Amino acid sequence: LEAAEAAKNCGWGTWKPLWMCGAGLADSTVGILGLGRIGAAVAARLKPFGVKSFLYADTDPRPDVASKIPAECGPNLKIISTLSVGVDHLALDEIKKRGIRVGYIPDILTDATAELSVALLLAACRRLPEAVEEVKNGGWTTWKPLWLCGYGLSGSTVGIVGLGRIGQAVARRLKPFGVKTFLYTGTRPKPERAVEFQAQFVPLAKLAEESDFVVVTCSLTPGTEGMCNKDFFGRMKKTSVFINTSRGAVVNQEDLHQALVSGQIAAAGLDVTSPEPLPTDHPLLSLKNCVILPHIGSATFATRSAMAVQAAHNLLAGLRGERLPSELQL
Ligand code: NDP
């Protein structure tokens, strides 16, 4: 909520490693006070976020862009170490042509980004920023059965666009929320990844038509740029929720805006936009059914620290002429 507020009011400024960092669930200890039906259901949903141990207390013991690196950079450039898994900000053709090696950060940020994707999904489908606002502005009066109702995951169909590292980690975390069916799309079927979720490979159009929740976790490539457009949103159900934690340019934002304003889709949650920072007077920021975060997918203290260490190892190995711990295959 602090991040959404910052995206709305202050602008984001340049990317800063520790800005908006929080605490992640991976490797954490979670204490549950009252392990009854709800306590147990919360624990079951948190477990796949990588919680290390659960403690409980109860009455009785009971058994989770920068501009392209310029083609004109000096002839001495040999190694690039990017503090990201996404490489869409790099001029890959030029880099390849010049034999520059690239270190990147796969895996380390998967958990934190998946966690944020789920948080954003829940914030959008359960209207959390709107609800917080109502508490603050006095809109919370008597109990009303349908006030601030949203859409839940139980019994739903979730469509994952790009069942890669982050896509799978999102599905793993959403499964215990009672999701009935997982669909996914990508360059080709990946049965070895899909089996864990009994996920079905479908074309993009079918995924849009059948999903109650669409989560975009693909990489930005010429093939995915602008992929979520008027046709895509037009196929989605009026009750469906759209989440993007990949890259802003995968989405045609004008088409998304139109879909949200016209009620073609119920809500959206974006951690990434085009451009970044999103100008504070951008029309998407005025919509109640659109939650926008300032690109904080990997922003846990532990993740950013581990990313920094890995980026340094990549760079040092490159300077020594050794194999990079995580080298991008160009
Ligand atoms: P992976 O390489 O593991 O996954 C990328 C996925 O994109 C693959 O599953 C691939 O599908 C899919 N994809 C490629 N082309 C298409 C297409 N045309 N249609 C549908 N899917 C496609 O990467 P990660 O999971 O580690 O990261 C994914 C992206 O998430 C990054 O590239 C980055 O942009 C973004 N990211 C965002 C963060 C944030 O802070 N919000 C943090 C970290 C990453 P296939 O397997 O079939 O080839």
Side-chain angles (χ1 to χ4, degrees), residues 3-4 7 12 15-22 24 65-66 82-90 92 102 104-121 123 159-173 182-194 196-197 199-208 211 214-229 232 243-251 269-274 276-278 291-300 303-304 306-307 310-311 326 328-329:
W12 310 354
W15 190 87
K16 295 175 279 295
L18 295 184
W19 187 59
M20 288 289 162
C21 278
V65 185
T82 179
L83 204 62
S84 63
V85 64
V87 290
D88 50 278
H89 57 302
L90 301 176
L92 294 175
V102 177
Y104 73 132
I105 318 277
D107 300 314
I108 287 177
L109 39 57
T110 299
D111 285 348
T113 308
E115 193 171 291
L116 190 276
S117 305
V118 175
L120 182 55
L121 184 150
I160 309 265
V161 180
L163 196 63
R165 286 174 291 254
I166 296 171
Q168 293 168 76
V170 169
R172 194 166 296 129
R173 284 157 177 77
F182 282 101
L183 306 175
Y184 75 104
T185 192
T187 50
R188 58 190 175 282
K190 297 274 161 59
E192 70 288 356
R193 297 180 189 170
E196 182 183 347
F197 322 105
Q200 195 189 332
F201 183 79
V202 290
L204 187 67
K206 186 165 176 186
L207 183 140
S211 300
V214 171
V215 187
V216 183
T217 54
C218 63
S219 41
L220 173 61
T221 66
T224 60
E225 189 167 356
M227 188 167 71
C228 301
N229 56 16
F232 181 88
I243 303 299
N244 182 19
T245 51
S246 66
R247 285 292 181 262
V250 171
V251 175
L270 313 174
D271 182 43
V272 286
T273 59
S274 184
E276 293 183 2
L278 194 64
V291 182
I292 303 188
L293 302 177
H295 201 148
I296 55 164
S298 64
T300 71
T303 301
R304 288 282 167 83
M307 287 168 68
Q310 180 75 337
S326 312
L328 186 70
Q329 299 310 317

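These numbers come from a predicted model, not from an experiment. Both counts, for ligands and for their atoms, begin at 1 and track the order of listing.
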State whether the shortest distance between N or O atoms of [X] and N or O atoms of ligand 1 falls below 3.5 angstrom.
X	result
H295	yes
G164	yes
D271	yes
R193	yes
K190	yes
S219	yes
G297	yes

Looking only at protein heavy atoms, which one is nearest to [atom], and how far off is it?
atom	value
atom 48 (O) of ligand 1	T187 OG1, 2.8 Å
atom 31 (C) of ligand 1	V85 CG1, 3.9 Å
atom 20 (C) of ligand 1	G186 CA, 3.4 Å
atom 35 (C) of ligand 1	S246 O, 3.6 Å
atom 27 (O) of ligand 1	I166 CD1, 3.4 Å
atom 42 (C) of ligand 1	T113 OG1, 3.3 Å

Sub-4.5 Å side-chain heavy-atom contact between [X] and [Y]:
X	Y	answer
V216	V251	no
R304	S298	yes
V170	T245	no

Provide the number and element of each atom of ligand 1 under 4.0 Å from a heavy atom of [X].
X	result
R247	33 (C), 34 (O), 35 (C), 36 (N), 37 (C)
G162	9 (O), 12 (C), 21 (N)
S298	40 (O)
L163	9 (O)

Task: Residue pair G164 / R193: nearest heavy atoms and the distance that separates them - done: CA-NH1, 3.8 Å
Given 3.5 Å as the limit, does a donor-acceptor pair link the side chain of [X] with the main chain of [Y], or not?
X	Y	value
E225	T221	no
T303	A299	no
Q310	M307	no
Y184	K190	yes
D88	L220	no
T217	G162	yes
D111	A114	no

Which of the listed options, [options], holds the heavy atom that is closest to [atom]?
atom	options	result
atom 17 (C) of ligand 1	T245, T221, T224	T224
atom 29 (C) of ligand 1	G167, A169, G86, C218	C218
atom 3 (O) of ligand 1	R165, R188, M227, H89	R165

Open item on the list: Please enumerate all residues that pass ring pair (Phe, Tyr, Trp, His ring centres under 6.0 Å) together with F232, with sequence neighbours excluded.
Closed with: none
Task: Heavy atom of protein closer than 4.0 angstrom to atom 38 (C) of ligand 1 - done: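 Protein heavy atom within 4.0 Å of atom 38 (C) of ligand 1: present.
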Open item on the list: Tell me the contacting part of T217 for ligand 1: side chain, backbone, both, or neither, using a 4.0 Å heavy-atom threshold, strictly below.
Closed with: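 For T217, only backbone atoms sit under 4.0 Å from ligand 1.
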- [ ] Please work out whether any backbone atom (N, CA, C, O) or any side-chain heavy atom from C-beta onward of D107 is under 4.0 Å from ligand 1, and answer side chain, backbone, both or neither.
- [x] neither
Task: OG1 on T185 to NZ on K206, rounded to 0.5 Å - done: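 Result: 11.5 Å between the selected atoms.
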Task: From T300 atom OG1 to E115 atom CD, the distance as rounded to the nearest 0.5 Å - done: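 Going from the OG1 atom of T300 to the CD atom of E115 covers 7.5 Å.
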